[in-house]
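All residue numbers refer to positions in the sequence shown, counting from 1.
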Amino acid sequence: TVSKFQEDVVAQLSNIGLDPKEEVLMGSGYRIDAIVEVNGKTIGIEVDGPYHFIGRSKSPLARTILKRRQVPLVDGIELVAVPYWEWNRLGKDELKTHEYLRRLVGL
């Protein structure tokens, strides 16, 4: 299921002029939270909530590490992550969230 966190990130991707596709099943078998096209390049965006990390740490789970390695190799796309603690730090400031996402995808 899609989280509120993912809905927020996807909405802000749209607000900066991108056309995100959600929950895209890749050839590798992995499902990517959002896919965007930036300057002719396909970028996968993973919205990583607390369940992608070990306990309360910022250390990703093995399955998260594996996905981050395999998707670029098998599917040939760049994969970037939005960890929950970075997003939470931005608060509701749209200027900050837009700047963060633009930097993340190379706009």
Side-chain angles (χ1 to χ4, degrees):
T1 62
V2 176
S3 68
K4 171 83 168 79
F5 174 27
Q6 183 174 327
E7 287 175 359
D8 289 348
V9 172
V10 169
Q12 295 306 327
L13 287 166
S14 294
N15 288 346
I16 62 170
L18 297 174
D19 183 23
K21 307 291 184 249
E22 286 187 82
E23 296 297 316
V24 178
L25 182 61
M26 304 301 290
S28 61
Y30 284 108
R31 191 171 297 279
I32 305 301
D33 294 333
I35 298 277
V36 295
E37 295 287 329
V38 177
N39 300 323
K41 185 167 76 171
T42 302
I43 300 174
I45 300 168
E46 282 295 287
V47 180
D48 287 345
Y51 295 109
H52 290 267
F53 301 92
I54 299 168
R56 296 179 184 268
S57 76
K58 293 180 180 179
S59 299
L61 293 169
R63 65 187 165 132
T64 300
I65 293 169
L66 189 61
K67 183 176 186 178
R68 289 178 184 174
R69 286 184 187 160
Q70 288 187 329
V71 167
L73 292 172
V74 176
D75 297 310
I77 66 166
E78 182 180 342
L79 192 62
V80 296
V82 179
Y84 71 96
W85 67 84
E86 288 184 4
W87 191 256
N88 290 348
R89 189 184 60 222
L90 300 171
K92 300 290 179 200
D93 186 332
E94 283 200 350
L95 237 53
K96 286 182 181 177
T97 59
H98 292 177
E99 181 183 312
Y100 175 87
L101 291 172
R102 282 190 185 103
R103 192 170 44 248
L104 189 70
V105 299
L107 274 178

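- Among all heavy-atom pairs drawn from A34 and L13, the shortest one is CB-CD1, 4.3 Å.
- Criterion: ILVMFWY side-chain heavy atoms under 4.5 Å apart, direct or through other members. Under it, V82 and V24 are not part of a common hydrophobic cluster.
- Separation of atoms OG1 (T97) and CG (L104) is listed at 12.0 Å; rounding is to 0.5 Å.
- Between M26 and I77 the shortest side-chain heavy-atom distance falls below 4.5 Å.
- The backbone N or O of H52 sits less than 3.5 Å from a side-chain atom of T64, completing a donor-acceptor pair.
- Residues I32 and V74 fall into different hydrophobic clusters, defined by Ile, Leu, Val, Met, Phe, Trp and Tyr side chains chained together at heavy-atom separations under 4.5 Å.
- For the atom pair Q70 CD and I65 CD1, the distance stands at 12.0 Å (nearest 0.5 Å).
- Heavy atoms of other residues, nucleotides or ligands lying less than 6.0 angstrom from CG of N39 number 12 at most.
- Annotation: the span from Q12 atom CD to L101 atom CG amounts to 7.0 Å, rounded to 0.5 Å.
- One finds the CG atom of D33 at 7.5 Å from the OG atom of S3 (value rounded to the nearest 0.5 Å).
- In terms of heavy-atom proximity, L79 sits nearest to R68 at CD2-CA, 3.8 Å.
- Rounding to the nearest 0.5 Å gives a distance of 8.5 Å between CD1 of I43 and CD of E37.
- Across all non-hydrogen atoms, the minimal contact from V71 to S28 is CG2-OG, 4.4 Å.
- Interatomic distance, CD1 of I16 versus CG of L107, reported as 5.5 Å (0.5 Å rounding).
- Side-chain heavy atoms closer than 4.5 Å link hydrophobic residues (I, L, V, M, F, W, Y) into clusters, and following such links, possibly through other members, connects V80 to L90.
- Ring geometry for W87 versus Y100: interplanar angle over 60°, hence perpendicular rather than tilted (30 to 60°).
- The local environment of CG in L95 is sparse, with at most 12 non-hydrogen atoms from other residues, nucleotides or ligands closer than 6.0 Å.
- When the side chains of ILVMFWY residues are joined at heavy-atom separations under 4.5 Å, either directly or via intervening members, Y84 and L61 end up in two distinct hydrophobic clusters.
- In summary, D48 and K67 do not engage in a salt bridge, as defined by a charged side-chain N under 4.0 Å from a carboxylate O.
- Two different hydrophobic clusters hold L18 and V10 under the rule that ILVMFWY side chains link at heavy-atom gaps under 4.5 Å.
- Closest of all the heavy-atom pairs between P83 and F53 is CB-CZ, 4.2 Å.
- For the pair K96 and R89, the minimum side-chain heavy-atom distance is 4.5 Å or more.
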